Structure formats: structure tokens, C-alpha cells
**Q** 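Before I ask anything, let me first share the structure, which is written out below as C-alpha cells.
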Amino acid sequence: MQNPSDSASAPGGRHGQVLSDGRLRSLLSVLCAGLALVVAGNSALAIALPDIAADLEADQSELTWIIDAYALTFAALLLTAGIAADRIGRRTILVAGLVIFGAANLASAFSPDAGWFIALRALAGVGAAAVFPVTLSALVDAYPPERRTFAIGVWSGVSSAGAVAGTIVAGALLEFWWWGSVQILFGAVALMIILPVLALVAQNRNPALSLDPVGALWSVLALAGLVFGVVEGPQRGWLDAVTLVALGVGAVGFIGFVVHQLRAAAPSLDVRLFRNRGLAAGSAIVTVQFFASLGFFVLSPQYLQIVLEYSPLGAALALLVVPVGVGAGIGAAAALTKRVGARVPGALGLLLMALGFTLIGWGLIGGLDPSLWLLGGGVLIFGVGFGMGIAPGTELIIDGLPAERRSVASAVNDITREVGGVLGIAVLSSILVSFYRADIAPVLADVPNAVREVVDAGAGAAIGLAGSLGPEGQALVDAAREAFAVGLSASMFVGAVVLAVAAVITFLVAPAGTRAPHDRPAAPGSAEAPTAPALRREA
């Protein structure tokens with residue numbers, strides 16, 4: 001039922017209903033819980049992959065798709081889900097997403113084989129795509145402008161700390177139960193928060209907005225093709241026919257989407273808005289941050305378990321230094337943003353992440369005897385940089401689109417995260433594998449081809465095989481661990497270069513100043529003036 005007091009609700013409490021402090025805190029808690037679930041949806045499983053491989057008899061390719069099937073559907077449907085939320089209603093789309101996510105996770109715990117598990121992971125990604133955009137847009141709408149930076153900061157902190165939290169929860173569960181307990185917990189929590197979502201989240205919809213089915217189709221083709229090609233590239237080879245076709249489909253989809261949006265009378269995402277320097281810079285910040293961070297969160301637990309021989313829980317606890325740094329970075333960014341705008345903390349955050357990766361790369365040069373001080377210091381600085389850059393990047397994106405497009409702006413933010421993350425996992429993993437194979441090649445000179453193929457697949461496979469090789473097995477284990485450290489060190493140095501270049505570009509492109517274009521009235525007929533009726537806020 002529509003609230004009479006909210007007949008024309010531009011978000012943020014400016015024209016709509018202002019929530020009490022208690023309801024705002026409850027809303028923040030519920031939305032951050034939903035956010036944490038979908039963020040941790042992959043990181044939690046990354047630490048459980050060895051158990052899943054043994055139980056479901058999954059090979060390396062299947063293990064890769066257990067992680068990436070979720071990312072594929074998630075990224076491909078984010079923009080479509082954001083458009084649907086703005087048109088149909090944010091509460092409706094959020095509840096639908098929680099139902100799909102929760103049911104798919106519960107069912108996946110009892111998968112009979114890897115194929116079923118991958119299919120249910122893809123379905124969970126569909127639900128996550130519906131949940132993610134609304135968690136941010138609903139917060140931005142509910143909080144008044146003077147408190148919005150705080151809300152975005154908390155959201156950003158949870159979005160980054162959620163990955164570490166997922167590994168810790170999974171590691172603790174794996175100490176006592178089987179890997180399916182992780183899926184049951186995530187599914188149950190998703191279904192449990194539906195009732196508070198119904199009570200706290202406003203519907204906020206604009207029936208006049210177009211669902212733009214043609215644009216949605218082009219966006220799905222673009223994102224699905226790109227993500228599939230990037231995922232398959234390191235496995236099949238970048239010149240493999242399947243990889244090239246997928247990337248080609250993604251490129252055609254992207255071109256088709258841009259052309260359609262330029263010609264559409266009511267574009268779902270007006271690509272001309274990316275001429276806004278804030279939106280462009282924010283997208284770049286978030287893309288590169290998650291390029292680095294998701295690559296790090298997928299590869300570092302493997303290093304801790306394979307090379308340093310930590311348990312799953314021990315590996316998760318070792319990464320707790322990241323959220324400590326993130327918290328400090330978010331606090332510093334909030335103070336800097338108020339004084340000098342988003343450009344400085346955004347660029348500085350990327351630069352600190354580059355420094356952190358550089359220190360980690362140096363620490364790994366020791367191979368089986370790494371410098372733990374360099375590793376710990378690098379991870380802490382990386383966390384500070386991530387925290388410093390994530391909120392300014394998100395604010396630049398949100399403020400780069402009109403208020404009635406908040407869920408679409410949130411979806412753009414999420415797409416940059418997912419595409420950047422998938423690229424980071426693929427590129428940094430590819431570099432790791434290339435250096436790993438080059439480093440271990442001399443050890444494999446005189447071994448049978450069958451053994452060489454297994455060892456080339458990765459350090460985990462090599463260590464699993466070593467037990468059947470007798471006295472020579474330990475030498476193979478040491479060589480595989482050494483080669484993995486060499487490969488990870490190389491990937492960290494490459495990541496540092498990408499981050500440093502992005503920091504310079506961000507400083508040059510991002511607008512100076514502290515006021516966002518959509519926090520002030522736009523002149524009628526200007527490029528920033530809303531072209532569609534205001535959202536309705538419905539109780």
C-alpha cells in the first residue's frame with residue numbers, strides 16, 4: 001500500500017519518508033547481512049575445494065567452474081536485475097533473490113556429483129544478482145545525504161570483509177562437519193532474513209521506467225560472453241576456439257548494447273553518462289580494486305594451505321589482518337573525502353594496494369622460507385588501501401546517475417566488481433600457472449608423460465600424486481610448493497603494476513571537489529536532470 005506521505009519520493013529522505021534512527025540501523029543490519037551472504041558465496045567455497053574435490057570426484061576444470069558458474073550468472077544478470085528492481089520494486093526483487101539464493105544453496109549441499117553442484121551454483125548466482133544491487137540502492141535511498149557517506153562506508157566494509165568472513169566461517173565448519181554444512185548455513189540465513197526485509201525495505205519503484213528487454217538481452221550476451229571467455233582462457237588457452245568465440249560474443253554483445261542504448265528513446269542505462277568523469281573514475285577504481293582483491297582472495301588461501309601447510313581454519317584466520325586494514329582505510333577515506341573529495345582517497349587507495357602487492361611479492365621470493373614480516377605487512381597495507389578506495393569509488397558511481405536510477409547505479413557498481421574480479425582471478429591465476437610450470441619444468445625432465453600432466457595441472461595435484469612415488473615424492477612436493485610460491489610472487493608484481501597505473505589514471509580523471517552532481521538540483525533540460533518520474537516509496 002502506498003504511503004500517502006510519500007507521493008513523490010526522491011530518495012535519501014529529501015522528499016520521501018525519513019526513517020527513525022532505530023529503523024535505519026535495523027535496515028543497515030539486514031541489508032548488510034544479505035550483502036555478506038552473496039559476497040561470501042564464493043570465498044567460503046574456495047577454502048572447501050579440496051574436500052569437495054574428494055567427495056564429488058571433481059577434476060580441476062570442474063573445481064574452477066564450481067567457483068566461476070556463480071560469478072558467470074551473477075555478473076551477466078546484475079544490470080538486468082538492477083533495472084527490474086527500479087521498475088518492479090526493490091523489495092520484490094530482493095525477496096525473490098533471497099528465495100532463489102537460499103533454496104539453491106540448501107539443495108547444493110546434497111549434490112550427487114560435480115555437474116549438479118555446478119548447475120545449482122549457477123542458480124545461486126541468479127539469486128545473488130537480484131540481491132546485490134538492492135542492498136546498496138535501498139541504503140542510499142533511506143539515508144539522508146549528510147549520513148550517506150557513513151552508510152556507503154559500512155556497506156563497502158562489509159562487501160570487502162565478507163570475503164574474509166566467508167573463509168573463516170567455512171574453515172570453522174570444516175573443522176567439524178562436511179563441506180555441505182557451509183551451503184546449508186548460507187541457504188538458511190538467506191531464507192531467515194526474508195521477514196525482516198519485508199518489514200524494513202521500502203518497495204521504491206518507478207512504473208514509468210522501461211524494462212528494456214532488448215537492452216537486457218544485449219547486456220547478458222556481453223557479460224556472459226566476456227566472463228565465460230575470461231574463465232576458460234587460462235584453462236583452454238587464449239587462442240582456443242571456444243575462448244575466442246566466447247570473447248567474440250561478449251564483444252558483439254557490448255557493441256550491440258551500446259548502439260541500442262544510444263538509439264533507444266528511453267535507455268535503461270544511458271551510456272552517454274559515462275562521459276561523467278566521476279562515474280568513469282569510480283568504475284575504474286572499483287574494477288581494478290576487485291581485479292586485485294578477488295585474485296588475492298582466491299590464490300592466497302591456496303598458498304597458505306599448499307606451501308605453508310595451514311589448515312583451512314588456520315588459513316582463514318591468517319587473513320584476518322585484511323579487515324583490520326580495511327577498517328582503518330575506510331575511516332581515513334571518510335575524513336579525506338569530506339575535506340578534498342573522492343579523487344585523493346580513491347587514487348591513494350589504489351597506490352597503497354600496489355605497495356601491498358609489491359611487499360607480498362618480495363616476501364614470496366623466499367619460496368619455502370618466506371619473509372612473514374613482509375607478507376604480513378604487505379597484506380595489512382593492501383587492506384588499508386582497499387578500504388581507502390572502495391567507498392570513494394562506490395560514491396562516484398552512485399552519484400554519477402540520477403536518483404531514480406539508484407538500483408541501476410548499484411548494478412553498475414556491482415558489474416564492475418564482478419567483471420574486475422573475474423578478470424583478476426583469470427589473469428593472476430594464468431600468470432601463476434605459467435611461472436609455476438616454468439619453475440617446475442626441470443624437475444619433470446625425466447618423469448613419464450602421465451605424471452607430468454598431473455603435476456602441470458597445479459601444485460595441489462602434484463602433492464596428491466607424490467604419495468604414490470615413494471622416496472622421490474618428497475622432492476616433488478618441495479618443488480611444487482617452491483614453484484607455486486614463485487608463480488604467486490609473479491602474479492603479485494603484475495597486480496602491483498596494474499594498480500599503480502590505475503592510481504595515476506584515477507587521479508587524472510576523477511573530478512576534484514566534495515559535492516556530487518546528483519546531490520544538488522539539476523537545471524531543467526540539462527544532462528543531469530531526471531527524465532523520468534520520481535520513484536514511488538511504498539510501505
Side-chain angles (χ1 to χ4, degrees), residues 43 46-47 49-50 163-164 167 234 288-312 314-322 324-325 350-386 421 424-443 455-463 474-501:
S43 64
I47 209 162
L49 286 179
V164 178
T167 61
V288 176
Q289 278 198 310
F290 280 84
F291 173 93
S293 63
L294 287 195
F296 174 78
F297 280 124
V298 168
L299 299 179
S300 59
Q302 297 180 53
Y303 169 78
L304 292 170
Q305 293 180 74
I306 291 172
V307 179
L308 300 187
E309 299 183 273
Y310 285 24
S311 69
L317 293 175
L319 293 174
L320 274 177
V321 68
V322 176
V324 172
L350 292 173
L351 198 60
L352 287 173
M353 290 177 71
L355 176 60
F357 264 30
T358 301
L359 293 177
I360 294 169
W362 280 341
L364 290 167
I365 290 176
L368 298 180
D369 186 26
S371 170
L372 295 181
W373 286 106
L374 276 177
L375 292 180
V379 172
L380 179 62
I381 292 172
F382 164 81
V384 172
F386 187 92
I425 293 170
V427 172
L428 297 184
S429 296
S430 183
I431 292 167
L432 187 155
V433 169
S434 296
F435 277 82
Y436 163 83
R437 288 174 176 170
D439 192 79
I440 205 170
V443 180
V455 175
D456 272 347
I463 293 170
Q474 186 57 46
L476 178 61
V477 168
D478 291 342
R481 288 175 174 153
E482 179 85 28
F484 189 95
V486 169
L488 184 58
S489 177
S491 69
M492 292 295 99
F493 286 131
V494 171
V497 171
V498 173
L499 286 159
V501 171

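A quick note: this is a predicted structure, and the numbers were derived from the prediction, not measured.
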**Q** For Y303, check ring pair (Phe, Tyr, Trp, His ring centres under 6.0 Å) against everything at least two apart and list the hits.
**A**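 By the ring pair (Phe, Tyr, Trp, His ring centres under 6.0 Å) rule, Y303 matches no residue at all.
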**Q** Measuring from atom CD of Q289 to atom CG of L499, what distance do you get when rounded to the nearest 0.5 angstrom?
**A**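 Going from the CD atom of Q289 to the CG atom of L499 covers 8.5 Å.
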**Q** When you compare the side chain of P370 with that of L308, does any pair of heavy atoms fall below 4.5 Å?
**A**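 Side-chain contact under 4.5 Å: yes.
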**Q** Using every non-hydrogen atom in the two residues, find where T358 and A496 come nearest and quote the distance to one decimal.
**A**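 What the structure gives for the nearest pair is OG1-CB, 3.4 Å.
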**Q** What residues, two or more places apart in sequence or in another chain, satisfy side chain to side chain contact (heavy atoms under 4.5 Å, CB included) together with A500?
**A**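 Result, side chain to side chain contact (heavy atoms under 4.5 Å, CB included) vs A500: A354.
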**Q** Tell me every residue that passes side chain to side chain contact (heavy atoms under 4.5 Å, CB included) with L351, counting only those two or more places apart in sequence or in another chain.
**A**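 L351 satisfies side chain to side chain contact (heavy atoms under 4.5 Å, CB included) with A503 once adjacent residues are dropped.
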**Q** If you take all heavy atoms of V307 and A485, which pair is closest and at what distance?
**A**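 Shortest heavy-atom separation between V307 and A485 comes out as CG2-N, 4.5 Å.
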**Q** Applying side chain to side chain contact (heavy atoms under 4.5 Å, CB included), can you list everything that pairs with V321, at least two apart in sequence or on another chain?
**A**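 If we apply the side chain to side chain contact (heavy atoms under 4.5 Å, CB included) test to V321, skipping adjacent residues, the hits are V379, L380.
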**Q** Can you measure from CZ (F291) to CE (M353) and round to the nearest 0.5 angstrom?
**A**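 Answer rounded to 0.5 Å: 10.5 Å.
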**Q** Could you measure the distance from the CG atom of L488 to the CG atom of L364? Nearest 0.5 Å is fine.
**A**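 Rounded to the nearest 0.5 Å, the CG-CG separation comes out at 5.0 Å.
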**Q** Heavy atoms, side chains only, cut-off 4.5 Å: are F296 and V322 in contact?
**A**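 F296 reaches V322 side chain to side chain.
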**Q** So F435 and F484, do their side chains get closer than 4.5 Å, heavy atoms only?
**A**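 F484 vs F435: side chains apart.
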**Q** At their closest point, which heavy atom of L352 faces which heavy atom of G385, and how far apart are they?
**A**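 Answer, listing the atom of L352 first, then G385: CB-CA, 3.7 Å.
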**Q** How would you list, by chain and number, every residue that makes a ring pair (Phe, Tyr, Trp, His ring centres under 6.0 Å) with F357, sequence neighbours excluded?
**A**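 F357 satisfies ring pair (Phe, Tyr, Trp, His ring centres under 6.0 Å) with F382 only.
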**Q** Would you confirm whether S489, through its side chain, and V486, through its main-chain N or O, come within 3.5 Å as a donor-acceptor pair?
**A**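 Side chain of S489 to backbone of V486: no pair is present.
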**Q** Just how far is it from atom CG of L355 to atom CD1 of I360, taken to the nearest 0.5 Å?
**A**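 One gets 9.5 Å once the value is rounded to the nearest 0.5 Å.
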